[in-house]
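A quick write-up on the structure given underneath.
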Amino acid sequence: MEFKRRNGGPAVGGASQAKKGKMNTEWEDSPSQFEEELALFDEMEMEAESGEGQAGHDVIPVGDLFSADLNPRWKRPHAPPLQPNSDTLIFQQIDLDYYLGSAVAGMPGQVQGKVPIVRMFGVTDSGNSVCCHVHGFAPYFYVPAPNGFTNAHLAEFQRELNSVVLKDMRSNKDNIAVTVLAVDITKKESMYHYHGNKPLEFLRITMAMPRLIAPAKRLLEQGFKFANFATQSYQAYEANIDFEIRFMVDSDVVGCCWIELPKGKYRLREERSVSLCQYEVDVAWNHLVSHPAEGEWQRIAPLRVLSFDIECAGRKGVFPEPEIDPVIQIASMVQRQGEKEPFIRTVFTLQSCASIVGSQILCFTQEKQLLQSWAEFVRTVDPDIITGYNIQNFDLPYLLNRAATLKVSLFPYLGRVWGCKSVLKDSSFQSKQMGRRENKTVNMEGRVQFDLLQVLLRDYKLRSYTLNAVSFHFLQEQKEDVQHSIITDLQNGNEQTRRRLAVYCLKDAYLPLRLLQKLMCVINYMEMARVTGVPLTYLLSRGQQIKVVSQLLRQAMKQDLVMPVVRTEGGEDYTGATVIEPEKGYYSVPIATLDFSSLYPSIMMAHNLCYTTLLQKSQVDKLGLAPEDFIKTPTGDLFVKSSVRKGLLPEILENLLSAELKKETDPFKKQVLDGRQLALKISANSVYGFTGAQVGKLPCLEISQSVTGFGRQMIEQTKQLVESRYTISNGYQADAKVVYGDTDSVMVKLGVATVQEAMNLGKEAAEWVSSHFVPPIKLEFEKVYYPYLLINKKRYAGLYFSSNAEHHDKMDCKGIETVRRDNCPLVANLINTCLQNILIDRDPDGAVAHAKEVISDLLCNRIDISQLVITKELTRTAQEYAGKQAHVELAERCVFTHSTTWSSSCPNLYSLNPLHNLSGRMFGLHTNFPITWIPINRTAKNSPNNSKCVTLL
DNA sequence: TACGGCACCTAC
DNA sequence: TAAGGTAGGTGCCGTA
């Protein structure tokens, strides 16, 4: 195998003094590209700062003398004195939570006992950190007022409910004296079903603490009696809303918005401060001003982003265990959001380490001191966002466990609240979308953990999620080359080998920052938080539903609608979309593709489908509705028209989709707007899924099945329309034929010879078909495939032309082995090349020849399958591996170390299936040893013009 | 050997 | 407590 060097030819001579022992490899001869990059940071900073301050390549043997003042750069900018009576305080809020605490004098709300206090953390324009305690907001929920209820009954209801809730408590360790703070009558309407626009009387029940809501709700549902009203069950509304969301909705605060505390309306904490933030203030919840993220309020504060990576000295062949194996290095990089490069680049090392230009090295002789000092470093730098690669499930838990083992008592305080210990917890998160995911969590109040691995797992489907693979995929860059197995040896070597390790460690801290930047994660997540209104942290810790709930509550509040608590019980599935039976084959003529844009959202808007417009059959007469007041959907469900009542969901969708974002020339502002566009689109598409989520907050199958019902009707109608109009008898060149279609698209053979003609006719057809549907439903011309290989439902490939009829944009493959991650790369590459042969070179014989060649290459390198030496080894390895990605790596090795007999019974059919079957059993892996059929079958059966072609069956 | 059930992953 | 949807191809495995 060729040994590739990163930076050109071998260095002659070289400055390295580490040329002894087995650790000496060519790698150390010359600085890596990454080291040159680091050095460049240094030069740029020297220029910018004209030499003052710390030049960043010190090696500081701190030992016992560590002080957080070691580097003035670590600290946040000086915070000018704040005069609450004359200064407004403005900050971007990035994290929001609540705690139970004692009331603060002068603030609204309960005075006695523990009260819930919302806490917002944020950053000002000048980069100063803020902790803001928000007082006076209490949790509440609703129940319908019983018949005959008047203001005179309020006190009795409150007293009785308070009494039963108190009685219900098994222990009252907080010594709660009052559970129900208030009961008020308000006019509200349930958002579920259309009720004739008649608000009814509801009781708004305010509780002392969020955790009292659930028992109060349960007791009311079970049957509650007060005064001389009969015992009855009360249906609860909005009793299942997270307190943070409740607060944000009611105070019009969205995730990551800017908060203004007007002068004279807040208090500065001087002495009793509980946080590490530079400003700590108290404010009444109704005194804070929340700015919608428009215009100047779209900006992003200079947040501090810390990325870090640790190295441990593990034992040979054993995964490091924090109870045993020491932490030997921690690399940290800190970057201000919006800037190009990190301004802090530091490695904490155990034992001495040679200098690295462009970074600061702090050497420790005791691991205990290393850990404690790093924690102090974190507290000094005071990052708003903490990132890294798999920090959530590895680095942070490892550090905490290691610190506990070594009894570093001051380590586990990594958040922004004094005395609030960071503890490790196990949590499991399960959804159909992502399967069961076991995670560890570490609390760090006021800092947002933004583990890049978690971001990638949520947002990208990749073949491999190793940092190396991901970096290569997105940045065409790789990790420094250090094998895990030699880390301990490097540590036990000399200051040069430890230097090599430090460079590696630094790069692992640097790559997540680069990826964060490249993928614009911070901006995109902030925009998602702003659009959907949830705290930033929810986006990585919660599912899709909470985002829709947040928007729904905001829209509902404007119309005095309340959301019922529905009990979730899985029911029958409902019918989804239609997939048109494909006319399988190879098409050497242009195929136009027409798509409904945002099909499901546009159906909901066009037909006013919503909880609030859903009409019960029994209510039609009762509410005196005329036939023209409502519609019957294809599934037989009734919904009132927007002239009777405009639905909430259509309103939300209009807001999401109609937002015409103005052209922006400033590149930074443009990034923010692009992020918002993305967030708007994703949010619109998740509304339908929310209504169909049977294990969810507010499922409504009448809505979801009506949506898919309309969709089925529409794709069918589209096919009919196109095939009936574009005919020879109507003067067109040929009879058009819809050869395939899935959910919201039709692939049409229009019978024209050129891509340009297909584009023109496709556009015309889309426009004409659109006119048959209710706005905003719109069919659009999207692309032309030429040629087009249609293998089966959800499996096809073609050259994709969208704007330029002369040049194709790409080869588009759907559902084929090339895009599936359960095939080994060999198969994917082979099929990909075959498809290129067929579609681009139009040479099916070439495809077959290529397949033959690859397979015979395999056979030539054959190792007798009966030699099980390697197989046993691999079996053992396979059992050690848990993940799928290991699976793929394993496959790669197997393909090249094994081979198989081929089936000679069918001369044109080459099968690797025996290997496939065999390996599956051999490895004891569940399924899908990723070798599959490579069926290359020459046939002209489906060819329209009887020419030679290849079908992949 | 045929077939249903399941896991996995994708299309939309 | 929290957890978006259905359609469908493909291969493995157990069962008759």
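When reading the values below, keep in mind they use all heavy atoms of this one structure, side chains included, and skip hydrogens, waters and symmetry mates. Just so it is clear, the model here is predicted, and its values are computed rather than measured.
- Relative orientation of the Tyr796(A) and Tyr740(A) rings is perpendicular, given thresholds of 30° and 60° on the angle between their planes.
- In this structure, Arg712(A) places its CZ atom 17 Å from P of dG5(C), rounding to the nearest Å.
- Taking atom OH of residue Tyr574(A) and atom P of nucleotide dG4(C), one finds them 13 Å apart after rounding to whole Å.
- Residue-level contact check: Gly689(A) touches the bases, meaning some heavy atom is under 4.0 Å from a base atom.
- Side-chain proximity of Lys793(A) to dC12(B), dG9(C), dA11(B): nearest is dG9(C).
- Counting to the nearest Å, the C1' atom of dG4(C) and the CG atom of Asp573(A) are 13 Å from each other.
- Figure legend: cation-pi geometry between Arg542(A) and Tyr538(A), with NZ or CZ positioned under 6.0 Å from the six-membered ring centre and within 45° of its axis.
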A correct dot-bracket answer for DNA chain C, with pairs being Watson-Crick or G-U at under 3.5 Å, [ ] for crossing pairs and | for inter-strand pairs, is ....||||||||||||
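- For Tyr237(A) and Tyr142(A), the distance between ring centers is not under 6.0 angstrom.
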Report, one pair per line, the protein and nucleotides 1-3 of chain C atoms (nitrogen or oxygen only) whose separation is under 3.5 Å.
from   : atom 1 : to        : atom 2 : distance (Å)
dA3(C) : OP1    : Arg542(A) : NE     : 3.2
dA3(C) : OP1    : Gly543(A) : N      : 2.9
dA3(C) : O4'    : Gln430(A) : O      : 3.2
dA3(C) : N7     : Val695(A) : O      : 3.4

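- Two rings, from Phe639(A) and His607(A), have their centers 6.0 Å or more apart.
- Counting all heavy atoms, side chain and backbone alike, Tyr788(A) lies closest to Met747(A) at OH-CG, 3.7 Å.
- Each of Phe690(A) and Ala577(A) lies near DNA chain C, and the nucleotide nearest Phe690(A) is the one positioned closer to the 5' end.
- Using a 4.0 Å heavy-atom distance criterion, Val548(A) is classed as making no nucleic acid contact.
- When rounded to the nearest whole Å, the span between CD1 of Ile603(A) and P of dC12(B) equals 16 Å.
- Side-chain contact of Thr635(A) with Ser706(A): a donor-acceptor pair under 3.5 Å is present, judged by distance alone.
- Between the P atom of dT6(C) and the OH atom of Tyr688(A) lies a distance of 7 Å, rounded to the nearest Å.
- Nucleotides of DNA chain C nearest to Tyr600(A) and Asn792(A) differ in position, and the one nearer the 5' end is that of Tyr600(A).
- Straight-line distance from the NZ atom of Lys783(A) to the P atom of dA11(B): 11 Å, rounded to whole Å.
- Rounded to an integer number of Å, the gap from NZ of Lys547(A) to P of dG5(C) is 14 Å.
- Contact check for Leu698(A) versus Tyr192(A): side-chain heavy atoms found under the 4.5 Å cut-off.
- The side chain of Asp742(A) has dC12(B) as its nearest neighbour among dT10(C), dG5(C), dC12(B).
- Under a 3.5 Å cut-off, the side chain of Gln694(A) and the backbone N or O of Glu572(A) do form a donor-acceptor pair.
- The Gln694(A) side chain lies nearest to dT6(C) when the options are dT6(C), dC12(B), dG8(C).
- Rounded to whole angstrom, the span from the CD atom of Gln705(A) across to the P atom of dA7(C) amounts to 12 Å.
- Using a 4.0 Å heavy-atom cutoff across all strands shown, Tyr740(A) reaches no nucleic acid atom at all.
- You'll find that the side chain of Arg820(A) is closest to dG9(C), out of dT6(C), dG9(C), dG4(C).
- A salt bridge between Glu716(A) and Lys719(A) is absent, with no side-chain N of the basic residue lying under 4.0 Å from a carboxylate O of the acidic one.
- Nearest nucleotide to the side chain of Thr575(A), out of dC12(B), dG5(C), dA7(C): dA7(C).
- Annotation: Tyr587(A) is not in aromatic contact with Tyr785(A) [ring centroid separation under 6.0 Å not met].
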